[in-house]
Trainee: 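Below: one structure in C-alpha cells.
Scope of the values below: all heavy atoms of this structure, side chains included, with no hydrogens, waters or symmetry mates. Note on naming: letters A, B, ... go to the chains in the order of the sequence lines (proteins, then strands), and numbering restarts at 1 for each one.
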Amino acid sequence: MTEEALLTVSGLSKRFGGFVALESIGLTVNDGARVGLIGPNGSGKSTLVNCMCGTLRHEMGSVRFAGHTLDGLSAHERTRLGLARSFQLPRPFNTLSLADNVRIPLLYTVNARHGRTLGARAIGERCAELLHMVGLADKAGRLPRDLTQIEMRKLELARAMATAPRLLIADEAMAGLSHGEVDDILALLIRLNEQGVTVILIEHIMRAVMHFSQRLVVLVAGRKIADGDPADVVRDPDVVRAYLGE
Amino acid sequence: MNGTKFVLALLIAAAATFGAARLIDNAYVFFAGYVVLQYIALATAWNILGGYTGYVNFGTAAFFALGAYTTVVLHKLTSLPLPLMMPIGGIVSGIVGLGTGYLTLRLRGAFFSIATLALAVVVQTLITNWDFVGGSRGAYIIRPPQTPLLGIDYIQYLFLLMLGLVVIVLATARAIEGSRLGYGFATIRDDEVAAEASGVPTLRLKLLATTLSGAFMGMVGAPLPYYVTYLDPTSGFSLAYAVNGVAMPLVGGTSSWLGPVIGAILLGTLQQVVTVTISSAVNLLIVGLMLVGFVIVAPNGILGLVGVRGRRAG
Ligand SMILES: Nc1ncnc2c1ncn2[C@@H]1O[C@H](COP(=O)(O)OP(=O)(O)O)[C@@H](O)[C@H]1O
Ligand SMILES: [Mg+2]
C-alpha cells in the first residue's frame with residue numbers, strides 16, 4: 001500500500017477574468033519534504049499558494065492535504081488542518097502589537113485544534129519564543145508600523161509558524177534580507193523541517209533555494225515546466241530558456 | 001482589574017448615579033439622564049461591531065426602533081413586564097442583525113455601511129405601513145398606573161432599567177475586549193485575509209458581532225415607548241440615533257469600551273443642554289460638526305488624544 005502524499009494538487013486552474021494565471025497544475029509533496037518553488041515574477045507562484053490555502057477560489061482542479069479534500073473549505077479551516085503560509089506582501093494586524101500578532105494563531109489555530117491546550121502563560125511564552133526565533137524579540141510590544149519591510153517579512157514567518165503547521169509555505173520571506181539574515185532564516189526553516197514540518201520555499205535568491213531544496217519545482221506563465229532534483233532542474237534547457245528569456 | 005471587579009465597580013457607579021439622581025430629586029434629571037444612559041448603551045452596542053470589527057453601521061435607528069416597536073406589539077398583545085420585553089426586543093433586533101450579517105457577507109467598507117443605511121429605510125417603510133403598530137400615525141402607550149418598585153416614579157423606574165442595561169452592555173463589551181473573541185474581532189478590523197490564514201473564522205465572528213450589536217440596540221430601544229408614551233416612525237427611526245450611534249464612539253474613541261461612554265456622556269449631555277438652552281433643532285448640527293472635527297483632527301477620538309491604546313500590548 002502506498003501512503004498518500006501530504007499535499008496533492010491536481011489539475012488546478014485559475015483565471016483572473018480572461019487571463020489564465022494557472023493552467024492545470026499538478027503537484028505532490030511528501031511528508032517531511034523540503035521543496036523549492038521558483039519562477040519568474042508573475043508566473044503564478046503566489047496565486048498557487050492562494051488557491052491551495054483558500055485565499056482565492058480556483059475554477060478547476062482539487063487540492064488534498066493530510067487526507068482531507070480542501071475544496072470548499074474556508075481558509076481558516078485549512079490553516080487549522082495544518083496548512084500555513086506567509087504572505088509575500090506582509091499583511092500584519094496593524095492595531096495589534098507584534099506579540100499579539102503571533103498570539104492570534106495560538107488562540108485560533110493551536111487552541112482550536114484539540115481544545116484549549118495552551119493556557120495564558122504558555123501562550124505568552126510561546127509568543128516571545130516565536131518572535132525570538134525570527135529576531136524580533138526586542139520589539140514584542142511594538143506595533144507593525146514601527147517595523148521595516150524586512151522585519152514585517154520576519155513577522156509574517158513567525159505568525160505562520162505560530163499555527164504549528166504540518167506544511168509551511170514561505171512566499172518570498174527572504175527578499176531584501178542581508179546575506180547573514182538569509183542564512184538565519186534558512187537555518188530556521190531547516191530546523192523546523194527537521195522537527196517534522198514540511199516546507200515549500202518560494203524564493204528568488206538561488207543560493208538559498210539550492211541550499212534549501214531537496215526538490216525544485218519551476219512555474220513559468222502559469223504552467224509547471226520542471227519538477228525534480230534541483231541540480232537537474234537548473235540545467236533543464238526549458239528552465240534555462242525561461243530564465244534567460246525573462 | 002479582572003472581570004468580576006469591573007462588574008462590581010460598574011454596579012457601584014450605577015448605584016451612585018441613581019443615588020445622586022434621587023438626591024437631586026428633580027424629574028427632569030431622570031428624563032435627561034435616561035437619554036444619556038440610553039446613548040451610552042447604544043454607542044457601546046454600536047462599537048461592538050463598528051469599533052471592534054471595523055464594520056461601520058449606519059442603520060442604528062433600525063435596530064433601535066425594532067426594539068421599541070417590539071415593545072409596542074407586546075404591549076398590545078400581552079401584559080408582560082417591561083424588563084421581560086427588553087430581552088424580547090433584543091432577540092428581534094439580534095435576528096435582524098444576524099440577517100444583516102448574512103446578506104452583507106461580501107460587503108466591506110462603504111458598501112457595508114450603505115447596505116445598513118438601506119436596511120434602515122426598508123424597516124422604517126415596513127413599520128410605517130403596518131397598521132397594527134399605528135402605521136404613520138403612531139401608537140400611544142399607556143404606562144401602568146404604578147411601578148413594580150414601590151415608592152419611585154415611573155421615570156425613575158425607566159432610568160433604573162436603562163442603568164441596569166448600561167451595566168450589562170458595558171460588562172459585555174469589556175469582557176469581549178479582554179478575551180480571545182476581542183482579538184478575533186480586532187483581526188477582522190485589521191485584515192480579514194490574514195485573519196483567516198491565522199485560523200480566525202471571520203464569517204462566524206462577523207455574524208456574532210452583527211447579532212450581538214443589533215440585539216443590544218434592540219434592548220436599548222425597548223423601553224422607548226414607555227418613555228415617550230407616544231411612538232411614531234419619525235421619532236423611533238430618528239436620524240439622531242444613526243448619527244449619534246456613529247458619532248459618540250468615534251468622538252470618544254473606538255478602541256476601548258471607555259470611548260463610547262465618554263462620547264455618549266459628552267455629546268448626550270451637550271445635546272440635552274442645547275435642547276433646553278437653544279433648540280433641539282441644532283442638536284444634530286452640533287453632533288455632525290464634532291464628528292467631522294474629530295475625524296479630521298483626532299481620528300482615534302478622545303482616547304487617542306490622551307494616549308490610551310485599545311488592546312493591551314504584550
Ligand atoms: N487578484 C488578482 N487579480 C488579477 N490578476 C492577478 C491577481 N493576482 C495575481 N494576478 C496576476 O496573476 C499572475 C501571477 O501572479 P502571482 O501569482 O503573484 O505571480 P508570482 O507570485 O509568481 O510572482 C500575474 O500576472 C498577476 O498580475
Ligand atoms: Mg509572488
Trainee: Under the 3.5 angstrom rule, does the side chain of A:T79 hit a backbone N or O of B:A197 as a donor-acceptor pair?
Mentor: yes

Trainee: Under 4.5 Å from any heavy atom of chain A, what part of B:I188 do you find: side chain, backbone, both or neither?
Mentor: neither

Trainee: For atom CZ of A:F16, is the number of surrounding heavy atoms from other residues, nucleotides or ligands below 6.0 Å larger than 12?
Mentor: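 Yes - once you tally the heavy atoms of other residues, nucleotides and ligands closer than 6.0 Å, there are more than 12.
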
Trainee: Quick one: does A:N94's side chain have a donor or acceptor within less than 3.5 Å of a partner on B:D190's backbone?
Mentor: no

Trainee: Give, for atom CD1 of A:I123 and atom CZ of B:R180, the distance between the pair rounded to the nearest 0.5 Å.
Mentor: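 Those atoms lie 9.0 Å apart.
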
Trainee: Is A:S74 in contact with chain B via its backbone, its side chain, both, or neither, using a 4.5 Å heavy-atom distance?
Mentor: both

Trainee: Show the nearest heavy-atom pair for residues A:H76 and B:G199, with the distance to one decimal.
Mentor: CB-C, 3.5 Å

Trainee: Within a strict 4.5 Å, meaning less than it, do heavy atoms of the A:R80 and B:P201 side chains meet?
Mentor: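 Yes, close enough: below the 4.5 Å cut-off.
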
Trainee: When only heavy atoms count and the cut-off is under 4.5 Å, which of residues 104-113 of chain A reach chain B?
Mentor: A:I104, A:P105, A:L107, A:Y108, A:T109, A:A112

Trainee: Which atoms of A:F87 come close to chain B, meaning under 4.5 Å heavy atom to heavy atom: side chain ones, backbone ones, both, or neither?
Mentor: side chain

Trainee: Nearest 0.5 Å please: distance from the CZ atom of A:R91 over to the OG atom of B:S198.
Mentor: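 Rounded to the nearest 0.5 Å, the CZ-OG separation comes out at 11.0 Å.
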
Trainee: Heavy-atom count check: over 12 atoms from other residues, nucleotides or ligands less than 6.0 Å from A:R121 CZ?
Mentor: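 It does not: A:R121 CZ has 12 such atoms or fewer within range.
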
